[in-house]
Amino acid sequence: MEAKEFKDGLAVLRGLRDDIKKAESDVKKAESALNKLYGKRDRQIKTVATYDKAKADRIAPAAGLSVKDIADLAPHLASQPTETEEPQPTSTTADTEIETGAVPPPMTPVGQQPADIPPQPSTTAAHEQSPVEDSASQPPPAEAPAPTPAAHTPTPSGTPAPRELPTIPDGEAGARWFTVAPNLRSERPNFTQKPRPAVFLDATTGDLVHGDRRYRLDLGHASADEILTAVYAHVPDTIERIYITVSDPNDVDPWHRDADRYPYLKDAVRAWLDAPMPGGWKVESQRGHDRLAGHFVPDRHGGTPVGRWERGHQHVEIRSVSEWFDPEGADVATIRHAFTLMWQSLKKDWPDLVLMGSPSQTGRDLWSRTIPTKAGARWADGYPVMSDEIRQLLHATSGQGRTELITPPRVPEQLPQLHEFDRTLAYGKHTWASGVGAPRRVTAQTFASWSEKEQANALFAPGHWQVKVTIPDGWNHVGILPSPVEGDRAWIYPHEAGRTFTTWAGGAEVNLALRNPLTPWKIEILDGLLWESGTPLKEWSEKLKEAWRGLSAAAAHVGTDELRQAYKLASRGVRSILLYGIGGFAQRPTTTTGQVPIGSESQIPGGATIRSMTEDTIIWERTKMSRNPNAHPEWASGIWSAARAALLSTRAKNPDGQSVHVGALHLPPGSVVAFRTDAIYTTAMPNWPYNGEPGDYLLKGTMPHPVGAPTTESEFYTLQSLGRTLLQEEPPDRI
């Protein structure tokens, strides 16, 4: 080869190099676009599957997937979802009834050491530059946490890709986060809620109960106008709320009956709410302390809509009984009796009690009436709300319930047996201490400078920590700490020995990782939030738990089946007040978008980011927190963290008063098949005590014979249903 040919050959190689780089970039973009389409398709499948008559074999060909794939994405098509899963509080917008915690419940109560294991802090701190020394190089203030890549070791094959979590900026930018929202605090109300007289309507039979009177209505096609016309032909105009139920298990709520005519369930609901109202009704405008304007349309399957109308001075809203509890086909008079029993039970502690439209609203209102007002009492002037930035950080880095299916080879392909243990009223166990006020920042450098005692005290106090986690060699049990991943799962629980990852976790879970009953995990504190310990929820939750105990006890002993069912439903209603009340503290941020012409960048609001650009327009997006005086995600996050940790290790009392260790880490390795929020599914049959108290593990389902290990959600729910049925038919001697 001549020199010129060599030179020309190099030029060809350079051209090929550049073409390859461009092709690789195009492939990456195509893969990203394809992944987005996959995600969009999966979300659409889940939306279509919300139609009550949906079948997997009809959806599969439309999606280009197998029936098995559809069942994996929408397991409820094969069987009903687990009742052990805590209801997920509905996300909020300006007119939402129920607020949720971070997208994406957690050990022993915050501040209490788990399982009697002696403190053995083995945390280390990463070296970091002093905020003072580094202040000149800090980025400008940000309204929202700025994501930075998390440190992860390569994930095992089949594991979802890691998701980046936000971090706290250094220097003055981060210091501004650790404040409270100006002129915003939770205060005891100085007014009494106005009662909203209600009636109860069975949309299947047309039976209407108003007080002690019962009517049979002709509802026609059960449009909103037909329901209102039929109801007000029998009840006075002072009725302001209509609760809907359906007694036929094959029937659906009126707003879902035409769902097959619409591509999305939300569209069917909105069409029902927005249909013409010949009776002269119009969408209600805002009025009163507890009244929200307009209709509410849930943005997820399982949420219930709320319709609000007015006609002159008359106001009414239509709601679903299922907001409070699953009516299980109960007669409409029994449902009304359940609401009466619930009201009577709670009124003992709240003389000014008003049952509001939803358990979330009721829970927040009852809690606000326990805020101290005595002069000189701590927080007598109200509980301050944290800064927008800290609330957004908690929203992004705090998961709720643990949902995990463990498949072969981690468990045998043929399970010797399978049992479901569910924690009773789990969240109610973890409300005795919470963080209050503005948090204190604890950097890695600060944490490293403390003594072991100071470190232990910090980790037992209410806190939220960014940590680098290393799973010890030889670890052969379930994972302890959550790790963020892309996709619908949001969080996984790494268990592989030697694996390292970075995450955020509550103090309860960090403590458990350090002091678990098997082998301590290595935890490196990178950053943290530390609150003053207080009891903002204690009085509220204790009163609710006492009401729940009384109603539950009555449900087991009163005379008739109908009365027992009423007490049972009432106890579940009180449980919902506690559950959704906690969820209501975990306020979600709202995202707004807008556009400005090119060249008018100065009109983009502060804190907004540019989402896309065209030749003449800039599309911007901004995420921020609303000024909600009852926004306390630090409380919900701490409770969820403590409940997740207690799922793995906590204590329970035997009848003789002696405590024993319970939880997944006290079961043999390889025996845990699944977690569902507060439930463990295991091949072991531990003799854990059950006293009917919050946090106790109740045997809820059992299959005492060999079964194939579930590998899909559909298979799991089938086994769960069979186990519960078998337990009812053949309860073991110990129950």
Side-chain angles (χ1 to χ4, degrees), residues 87-100 189 191-201 203 208-210 224 227-228 231 235 237-245 253-255 269 272-273 281 283-299 302-310 314-327 332 335-336 338-343 346-347 350 352-369 544 569-570 572-585 628 630:
Q88 301 291 315
T90 308
S91 61
T92 68
T93 58
D95 62 350
T96 306
E97 298 299 335
I98 303 173
E99 301 175 54
T100 185
F191 63 91
T192 300
Q193 295 288 359
K194 177 187 175 183
R196 311 291 183 191
V199 294
F200 297 82
L201 175 66
L208 174 74
V209 171
H210 172 220
I227 288 175
L228 294 178
V231 168
V235 303
D237 291 351
T238 53
I239 295 299
E240 297 190 33
R241 187 171 290 143
I242 301 171
Y243 281 112
I244 301 287
T245 186
D253 293 312
W255 42 86
V269 173
W272 187 86
L273 293 169
W281 297 91
V283 179
E284 182 190 50
S285 58
Q286 187 169 350
R287 73 178 182 93
H289 289 284
D290 65 335
R291 177 75 51 167
L292 297 169
H295 304 317
F296 165 61
V297 182
D299 60 0
T304 55
V306 180
R308 303 184 183 94
W309 294 270
E310 61 184 358
Q314 188 178 0
H315 296 259
V316 64
E317 61 182 16
I318 294 179
R319 312 188 72 112
S320 174
V321 168
S322 62
E323 285 188 77
W324 290 85
F325 45 72
D326 179 359
V332 68
I335 292 173
R336 180 190 178 277
F339 274 78
T340 301
L341 292 172
M342 187 164 41
W343 179 83
L346 294 173
K347 194 168 180 63
W350 283 280
D352 55 352
L353 167 72
V354 170
L355 290 180
M356 302 174 71
S358 71
S360 176
Q361 287 178 307
T362 305
R364 286 198 303 268
D365 181 66
L366 295 183
W367 170 77
S368 68
R369 297 176 191 280
L544 288 175
L569 297 179
R572 290 184 175 180
V574 172
R575 172 184 177 274
S576 294
I577 292 174
L578 180 61
L579 169 68
Y580 286 111
I582 291 171
F585 293 120
N628 183 340
N630 293 324

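Please read all numbers here as calculations on a predicted model, not as lab measurements.
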Quick one, [X] and [Y] - any side-chain contact, counting heavy atoms below 4.5 Å?
X	Y	result
Trp324	Ile577	yes
Met342	Val574	yes
Leu353	Trp343	yes
Val354	Asp365	no
Ile242	Leu228	yes
Asp253	Trp272	no

Can a donor-acceptor pair be found, under 3.5 Å and without considering hydrogens, that links the side chain of [X] to the backbone of [Y]?
X	Y	result
Trp309	His295	no
Thr362	Leu355	no
Arg319	Gly357	yes
Trp350	Leu366	yes

- Message: Does the Lys NZ or Arg CZ of Arg369 fall within the cation-pi geometry relative to Phe191 - under 6.0 Å from the ring centre and within 45° of the axis?
- Response: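 Yes, a cation-pi geometry.
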- Starting at CD1 of Ile239, measure out to NE2 of His210 and round the result to the nearest 0.5 Å.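 Reported value, rounded in 0.5 Å steps: 4.0 Å.
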- Should the ring pair Phe200 and Tyr243 be called parallel, tilted or perpendicular, given that the plane angle runs from 0 to 90° and is split at 30 and 60?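 Phe200 vs Tyr243 ring planes: parallel.
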- Query: For the side-chain hydrogen bond (donor to acceptor under 3.5 Å, both in side chains) test, which of Glu240, Glu284, Arg241, Arg196 pairs with His315?
  - Reply: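 Of Glu240, Glu284, Arg241, Arg196, side-chain hydrogen bond (donor to acceptor under 3.5 Å, both in side chains) with His315 is met by Glu284 alone.
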- Start with the C-alpha distance between Val235 and Leu208, add both sets of side-chain angles, then the distance that settles side-chain contact (heavy atoms from CB on, under 4.5 Å), and finish with yes or no. CA-CA 10 Å; Val235 303; Leu208 174 74; 3.9 Å; yes
- Message: If we count only N and O atoms by modelled type, under 3.5 Å, do the side chains of Ser360 and Ser358 hold a donor and an acceptor together?
- Response: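 No - no donor-acceptor pair under 3.5 Å links their side chains.
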